[in-house]
K.L.:
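Have a look at this one.
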Amino acid sequence: MNNFLFVAAENDAIADCKAGGMGDVVRDVPREIAKRGDKVHVVVPAYSRLHLNGTFRTNLHFRMRGIDYTAELYAVAPKKEFENIIHYVIHHPEIKEGGIAHIYHDDPTEPFFNDFIKFIIFNTAVAEAVKMGAFGDLDIVHMHDWHSSAMLFLKTYHPEYTILKKMRYVYSIHNLAIQGIRPFYDNYASVHNYFPEIQLDHETLKDPRYQDCINLMAVGIRLADAVHTVSQAYKEDVLLPSARPEFVGGESLENDLRNAENEGRLFGILNASNYTNVRQAEKGLLYRNTVKALFRWLQDESKKYKADFLAHTGEKIMEFVNNRPRFIVSSVARLTEQKFYFFMRSPESFEKILYRLQEVNGIFMLLGTGDPDYEQLFREMSYKHKNFIFTNGQSEDLIDSMYLETDLYFMPSLFEPCGISQMLAMRNGNPCLVHHTGGLKDTVEHMKTGFAFDGSTFNAKLDDMVNKFDEALNVWEHDQAKWKKIKSNAKKMRFTWEKSLDEYYKKLYLL
């Protein structure tokens with residue numbers, strides 16, 4: 001039996017610990033590993049809340065900033081129990097929740113300040129737990145995005161954690177654009193402030209653009225035994241330099257990724273979706289679940305400033321309870337540049353889509369939270385367009401209803417390492433309209449399992465997005481046989497973790 005440790009910022013196997021697709025992966029991959037008879041420990045930060053109903057395991061004592069720290073390790077109950085998987089959280093008063101999904105902080109004036117503090121404490125506590133044997137004798141440590149890459153810094157440079165060198169380290173890139181860049185010196189949230197005893201290896205640790213900063217995403221790429229992008233097409237993208245907004249590639253780390261490729265350490269393996277043990281949604285609850293979510297959010301102190309908008313959204317939804325729209329487009333995503341830059345850059349293109357929908361008595365339902373500028377854009381659009389329903393929050397029941405009961409899933413990502421939403425929509429026979437990039441290339445085939453737009457320039461992409469939307473609606477309006485075939489093809493697609501884990505074991509884990 002092999003013994004794994006997963007280290008991440010999110011884990012959707014436990015309640016209220018997900019902001020994006022990483023949470024799905026950290027939930028699903030351990031289940032597939034456990035099915036193969038191996039053991040998995042999954043550890044995430046407690047964010048000052050996830051430990052409250054947990055079972056205390058041990059105190060973790062370590063030194064940072066020249067002073068003694070004590071963190072606490074808790075085992076926590078998952079949503080579903082699986083043999084050979086144990087879920088943990090680490091609590092320390094400075095590991096605080098942020099405003100993004102109650103996990104991440106948004107620090108506009110000094111990026112990554114708060115997140116660096118909590119994740120550097122978290123990683124050191126994990127290293128101490130490994131040193132103490134809290135997870136047993138480990139074979140593989142699998143880290144996810146920059147939030148966990150400090151494990152490699154500690155393993156390589158910290159004299160207290162040389163025992164970490166015994167394991168194999170795998171590093172998965174879920175979002176290359178978020179890199180965890182912080183100063184080396186002269187800042188509370190700097191590497192030297194937390195580890196004054198370590199002589200910093202600037203050449204190995206530095207950001208390619210900001211020479212006086214550590215880049216924790218780069219640390220993961222440079223120091224891991226295996227580096228993993230979450231689709232094959234995205235791997236090819238990140239080996240090339242970015243040329244925004246036409247193309248998002250290596251985001252200044254393409255040389256590091258090419259080095260990893262040349263050293264035989266870089267692998268592109270597609271994420272997958274569940275097709276068993278699926279949370280069952282009941283049909284016919286789309287509007288009820290929307291209203292339920294709206295009433296719940298109206299009672300949430302953090303959403304009081306949105307009360308007028310939530311009431312406005314509820315009023316719009318009630319119109320559709322009796323007067324059902326003929327066609328529903330849906331989208332569920334974090335409201336970020338990655339997911340909705342096309343709409344932010346060209347609101348008029350989005351409006352063309354809404355006007356086209358209006359012609360067929362159709363509506364567009366968007367659910368998500370995120371960047372305040374994007375939230376503001378969509379609130380304004382909702383006030384302006386009767387057929388745009390923007391639910392500015394998170395609701396698992398509503399998300400399930402949207403995947404199940406809508407007609408076309410829209411995913412206009414500027415870039416997409418893999419994407420899980422399109423897989424979930426397709427699983428329900430919901431065709432997708434996607435930007436032909438990254439993992440979306442690997443999962444949606446135009447006019448076969450869905451629809452895809454592209455272009456050689458950014459303006460050409462915008463034009464093609466509107467044109468392909470019109471093409472999709474024309475198929476639905478005028479060729480129902482073709483539409484049903486596309487729906488059927490989408491539903492038959494299978495992106496299984498069993499297949500992906502075969503690749504993990506062969507290429508990443510070497511087992």
Side-chain angles (χ1 to χ4, degrees), residues 5-20 22-23 26-27 41-65 67-79 86-130 132 134-135 143-151 178 180 182 188-189 193-194 216 296-297 299-305 334 369-370 372 393-396:
L5 174 65
F6 273 55
V7 187
E10 304 174 31
N11 176 14
D12 192 47
I14 60 178
D16 302 318
C17 190
K18 176 186 170 179
M22 181 207 300
V26 175
R27 176 196 67 210
H41 308 264
V42 185
V43 63
V44 295
Y47 303 112
S48 297
R49 56 188 174 82
L50 297 175
H51 66 296
L52 296 176
N53 294 316
T55 302
F56 175 78
R57 285 295 183 90
T58 186
N59 284 315
L60 304 166
H61 303 288
F62 48 93
R63 283 184 71 78
M64 305 180 80
R65 299 172 45 237
I67 62 176
D68 293 328
Y69 274 65
T70 299
E72 298 163 359
L73 180 69
Y74 291 82
V76 292
K79 297 175 187 174
I86 306 174
H87 298 277
Y88 305 86
V89 298
I90 286 177
H91 170 63
H92 183 274
E94 290 184 82
I95 304 178
K96 298 174 182 176
E97 69 173 30
I100 301 173
H102 299 287
I103 293 176
Y104 304 112
H105 277 83
D106 178 25
D107 299 316
T109 57
E110 199 173 330
F112 302 113
F113 181 92
N114 283 292
D115 280 356
F116 176 87
I117 291 169
K118 68 187 171 208
F119 290 119
I120 209 75
I121 295 170
F122 167 66
N123 276 261
T124 310
V126 173
E128 184 63 30
V130 172
M132 289 174 58
F135 311 116
M143 304 158 299
H144 297 265
D145 269 356
W146 77 266
H147 323 96
S148 56
S149 67
M151 289 288 292
I178 310 297
R182 289 301 304 163
Y188 184 83
N193 183 48
Y194 277 84
L216 285 164
R296 190 176 75 248
W297 297 331
Q299 299 171 66
D300 186 337
E301 278 298 324
S302 69
K303 292 190 168 55
K304 291 296 186 194
Y305 74 101
R334 292 276 310 137
T369 60
Q394 296 292 339
S395 165
E396 201 167 359

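Just so it is clear, the structure is predicted and the values come from calculations on it, not from any experiment.
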K.L.:
Return the CZ to CG distance between F122 and D115, rounded to the nearest 0.5 Å.
P.N.:
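Here the rounded value is 12.5 Å.
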K.L.:
Measure across L50 and C17 and return the closest heavy-atom pair with its distance rounded to 0.1 Å.
P.N.:
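Reported closest heavy-atom pair: CD1-SG, 3.8 Å.
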K.L.:
Report yes if the side chains of E10 and V44 come closer than 4.5 Å at any heavy-atom pair, otherwise no.
P.N.:
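No, too far: nothing below the 4.5 Å cut-off.
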K.L.:
Does a side-chain heavy-atom distance below 4.5 Å link I14 with V42?
P.N.:
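With C-beta onward as the side chain, the pair stays apart.
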K.L.:
Taking the side chain as C-beta and beyond, is there a heavy-atom pair between D12 and K79 under 4.5 Å?
P.N.:
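Side chain of D12 against side chain of K79, heavy atoms only: contact under 4.5 Å found.
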K.L.:
List for me each residue that meets salt bridge (charged side-chain N to carboxylate O under 4.0 Å, His left out) alongside R182, sequence neighbours excluded, and say none if there are none.
P.N.:
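So R182 forms a salt bridge (charged side-chain N to carboxylate O under 4.0 Å, His left out) with E110.
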K.L.:
Output the distance between atom CZ (F112) and atom CD1 (I120), rounded to the nearest 0.5 Å.
P.N.:
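Going from CZ on F112 over to CD1 on I120, the span is 13.5 Å.
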K.L.:
Hey, does Y69 have a side-chain heavy atom less than 4.5 Å from the side chain of T124?
P.N.:
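Side-chain contact under 4.5 Å: no.
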K.L.:
Once you round to the nearest 0.5 Å, how far does CD of E128 lie from CG of L73?
P.N.:
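It is 11.0 Å, given to the nearest 0.5 Å.
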K.L.:
Is K118 reaching over with its side chain to a backbone N or O of I103, donor-acceptor style, under 3.5 angstrom?
P.N.:
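Yes: the side chain of K118 pairs with the backbone of I103.
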K.L.:
Show your reasoning for whether side-chain contact (heavy atoms from CB on, under 4.5 Å) applies to H51 and V76.
P.N.:
CA-CA 7 Å; H51 66 296; V76 292; 5.7 Å; no
K.L.:
If you take all heavy atoms of A71 and I90, which pair is closest and at what distance?
P.N.:
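Taking every non-hydrogen atom into account, CB-CG2, 4.0 Å.
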K.L.:
Using modelled atom types and a 3.5 Å cut-off, is there a donor and acceptor pairing between side-chain atoms of D145 and backbone atoms of H147?
P.N.:
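Side chain of D145 to backbone of H147, a donor-acceptor pair under 3.5 Å: no, none is there.
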K.L.:
Answer yes or no: is there a donor N or O on one side and an acceptor on the other, between the side chain of H87 and the main chain of P78, under 3.5 Å?
P.N.:
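No, H87 side chain to P78 backbone: no donor-acceptor pair under 3.5 Å.
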K.L.:
One pair to check against side-chain contact (heavy atoms from CB on, under 4.5 Å): F116 and L216. What are the steps and the verdict?
P.N.:
CA-CA 10 Å; F116 176 87; L216 285 164; 4.0 Å; yes
K.L.:
Under 30°, 30 to 60°, or over 60°: which ring-plane class applies to F119 and Y104, parallel, tilted or perpendicular?
P.N.:
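The arrangement is tilted - the two ring planes meet at 30° to 60°.
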K.L.:
Determine the minimum heavy-atom distance between T369 and R334, stating which atoms define it.
P.N.:
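Here T369 and R334 meet closest at O-NH1, 2.7 Å.
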K.L.:
Working to the nearest 0.5 Å, report the span between CD1 of I121 and CG of L60.
P.N.:
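These two atoms lie 12.5 Å from each other.
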K.L.:
Which atoms form the tightest heavy-atom contact between D106 and P372, and what is the distance?
P.N.:
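So the minimum-distance heavy-atom pair works out to OD2-CD, 4.3 Å.
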K.L.:
Return the minimal non-hydrogen interatomic distance between R296 and Q394, and the atom names on each side.
P.N.:
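Taking every non-hydrogen atom into account, NH2-O, 3.1 Å.
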K.L.:
Can you pull the side-chain hydrogen bond (donor to acceptor under 3.5 Å, both in side chains) pairs that have at least one residue in residues 53-62, sequence neighbours excluded?
P.N.:
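Non-adjacent pairs meeting side-chain hydrogen bond (donor to acceptor under 3.5 Å, both in side chains): H61-T70.
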K.L.:
Checking N114 side chain against H105 main chain: does a donor-acceptor pair fall under 3.5 Å?
P.N.:
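Absent.
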K.L.:
Would you check, one step at a time, whether the test side-chain contact (heavy atoms from CB on, under 4.5 Å) holds for R27 with N11?
P.N.:
CA-CA 6 Å; R27 176 196 67 210; N11 176 14; 4.3 Å; yes
K.L.:
If you take all heavy atoms of S48 and P93, which pair is closest and at what distance?
P.N.:
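Smallest heavy-atom distance, with atoms named: OG-O, 4.2 Å.
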K.L.:
Kindly assign one of parallel, tilted or perpendicular to the pair Y188 and Y194, based on the angle between their ring planes and the thresholds 30° and 60°.
P.N.:
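Ring orientation of Y188 relative to Y194: perpendicular.
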K.L.:
Does any non-hydrogen side-chain atom of H102 lie less than 4.5 Å from one of Y47?
P.N.:
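Contact flag for Y47/H102 side chains = no.
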K.L.:
Once rounded to the nearest 0.5 Å, what's the spacing between atom CZ of F135 and atom NE2 of H41?
P.N.:
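Output value for this atom pair is 7.5 Å.
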